[in-house]
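Worksheet: one structure, shown below.
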2 protein chains.
Amino acid sequence: MGKKGYHHGDLRGALLDAAEELVRERGAAGWSLREASARVGVSPSAAYHHFGSRDALVRALSVRVLTRLGERMAQAAASGKDPRGSLVAACRAYVRWTLADPAVARLAFAAPARDPDATIAPHPHDVIDAELDRLAEAGELGPEARPAAEFAVWAAVHGVATLLADGLMRLDTEEAAGEQTERVVEALLTGLRQERGRTWPTPHSTHTERRARDRG
Amino acid sequence: MGKKGYHHGDLRGALLDAAEELVRERGAAGWSLREASARVGVSPSAAYHHFGSRDALVRALSVRVLTRLGERMAQAAASGKDPRGSLVAACRAYVRWTLADPAVARLAFAAPARDPDATIAPHPHDVIDAELDRLAEAGELGPEARPAAEFAVWAAVHGVATLLADGLMRLDTEEAAGEQTERVVEALLTGLRQERGRTWPTPHSTHTERRARDRG
DNA sequence: ACAGGATCTTAACAGCGTTCAGATAAGTGG
DNA sequence: CCACTTATCTGAACGCTGTTAAGATCCTGT
């Protein structure tokens, strides 16, 4: 089906499915490779023909779900009427996705994808970056405030998402989380737009860096 | 010393020390209870007279380091000249602390302290909350913008810290992280101050909630 | 049809968290 | 100073974990 068609069909994909399901049921760390293998109906060592280690399976899962997050964000952004609404919509999608499956999100954010050919497209960072470009083109963000703004916005949204996902803070409804996200992003944009005469160090997206190093 | 003085003296504290050291050396999950026990010079089962499980040890460690974080923030805030400078100083301390030991910070933020008598004082959330109160008293934050502002500020700072600690983004110097923290907080405050006529759902600090439930 | 390689199984390894019965040391009341 | 209680730690054992190696099985290309 997906990869090749020998004994199982697509064991790699099936293991990722099983692992994701287990993470959803028992938390980011409350499952084992053996359990995922058993759920697929295969021996534990079979997994090692598709992943170098349990950790590699976790990283691959992270890549898969982060890609889905990027797609949701891009989709949400496309439905916005103006640039500002698009950015806010993308950010709301980020938080909505995180809270829909907090354990999966935690695993995804914590697993550093060191795999050189692990491509996340579109990466959440890049969606925010692109939306800020549109905002700048529309004149809603000055040229002196644009640099490093993607770091500021991503950080703010990521903070809302992780604070809620890790249970450090709590909101009563899902809609409340969306409203708070909107508030933070809107306020941040307002503040950034009014900045005057200061430059900021350049932040680097590690995912973009890894991709670039792979090409070069 | 700390607790009691039988065979070891303060095995509980020594185990926390060893665990923290191991987290620093090998990452949040790259160590075992047996290893910490061996480092202290004690059998693995000895730990179970002080912690109900490995997870309980992790939660206790989280409480200990988060308390230190709160103290650092309060200390930094006290050194600020005006309310705004104090809040920014506390936020810079938050990020500085996180980046000084990213693995310890990750463990601390991820471990939910369900222990009823586990008190973190001052809790990072409360430091930010108190500084925002001072800001509001000084008239630098309107009464319509104050509610839920502690959630917005904590989220923004937490996002900066975790994005960098988890390696999702990278900055070249430690000072750059401080500057970006300042930028995000300042811009957010500017934006919040200009909000008009909108109310926000009330966020709850889970740590404060647990404390309150314990008293009642 | 057959060779070769990818795929999966079985068996085994050390290490893990956790439990439990027993040894040892510290505190307590006479 | 003694017995007695209680907290503290040890040693051995349990099932489970990630990982590896050797061998069986199936697919594919020629």
Side-chain angles (χ1 to χ4, degrees), chain A residues 1-23 25-62 103 107 110-115 117, chain B residues 1-23 25-62 103 107 110-115 117:
Chain A
M1 219 169 247
K3 300 286 285 183
K4 307 218 171 150
Y6 297 115
H7 297 176
H8 180 278
D10 180 20
L11 181 54
R12 192 189 140 92
L15 284 170
L16 287 170
D17 288 341
E20 185 176 346
E21 205 174 285
L22 282 165
V23 170
E25 293 173 11
R26 313 223 197 103
W31 58 282
S32 63
L33 215 196
R34 296 176 103 103
E35 229 170 332
S37 303
R39 192 167 281 210
V40 171
V42 111
S43 93
S45 50
Y48 286 83
H49 290 266
H50 301 276
F51 304 99
S53 64
R54 191 201 117 112
D55 213 60
L57 164 59
V58 169
R59 285 196 301 270
L61 180 55
S62 171
L107 176 142
R114 307 231 167 278
D115 220 341
D117 56 4
Chain B
M1 217 172 245
K3 299 288 284 183
K4 308 215 171 157
Y6 296 114
H7 297 179
H8 180 278
D10 181 20
L11 181 54
R12 193 189 139 91
L15 284 170
L16 287 170
D17 287 342
E20 185 175 347
E21 205 174 286
L22 282 166
V23 169
E25 292 173 11
R26 313 223 197 106
W31 58 281
S32 62
L33 214 196
R34 296 175 103 103
E35 228 170 334
S37 303
R39 193 167 281 209
V40 171
V42 111
S43 93
S45 49
Y48 286 82
H49 290 264
H50 302 275
F51 304 99
S53 64
R54 191 201 116 112
D55 214 59
L57 164 60
V58 168
R59 287 197 299 271
L61 181 54
S62 172
L107 177 141
R114 306 231 169 279
D115 221 340
D117 56 3

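No hydrogens, no waters, no symmetry mates; every other heavy atom, side chains included, goes into these values. Here is the naming used below: chain letters follow the sequence lines, and residue numbers restart at 1 for every chain.
- Considering only the side chain of B:S53, C:dT18 comes nearest among D:dT19, C:dT18, C:dT9.
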Step-by-step side chain to side chain contact (heavy atoms under 4.5 Å, CB included) determination, B:W31 to B:E20: CA-CA 10 Å; B:W31 58 281; B:E20 185 175 347; over 6 Å; no
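- For the pair B:L57 CG and C:dC16 C1', the interatomic distance rounds to 15 Å; values are reported in whole Å.
- Side-chain contact between B:R12 and B:D10: present, with at least one pair of heavy atoms (C-beta onward) separated by less than 4.5 Å.
- To the nearest 0.5 Å, atom CG of residue B:L15 and atom NE2 of residue B:H49 are 12.0 Å apart.
- The side chain of A:H49 has C:dT9 as its nearest neighbour among C:dG17, D:dT19, C:dT9.
- Taking atom CG of A:L11 as the reference point, atom P of D:dC26 lies 16 Å away to the nearest angstrom.
- The distance from atom CZ of A:R12 to atom C1' of C:dT7 is 15 Å, rounded to the nearest whole Å.
- Note that CZ of A:R54 is 11.5 Å distant from CZ of A:R59, once rounded to the nearest 0.5 Å.
- Contact annotation: A:H50 reaches the phosphate of C:dC8 (side-chain N/O to OP1 or OP2, under 4.0 Å).
- Interface residues of residues 25-38 of chain B facing DNA chain C, ordered by number: B:S32, B:L33, B:R34; criterion, heavy-atom separation under 4.0 Å.
- Across the protein-nucleic acid pair, A:L22 atom CG and D:dG18 atom P stand 11 Å apart, rounded to whole Å.
- On a pure distance criterion of 3.5 Å, a polar donor-acceptor pair joins the side chain of A:S45 and the base of C:dT10.
- The distance between atom CG of A:L15 and atom C1' of C:dT7, rounded to the nearest whole Å, is 13 Å.
- For the side chain to side chain contact (heavy atoms under 4.5 Å, CB included) with B:F51, the lone residue among B:L33, B:L61, B:V58, B:L57 that qualifies is B:L57.
- Atom OH of A:Y48 and atom P of C:dA6 are 20 Å apart (whole Å).
- A pairwise comparison of heavy atoms in A:A36 and A:A18 identifies O-CB, 3.9 Å as the closest pair.
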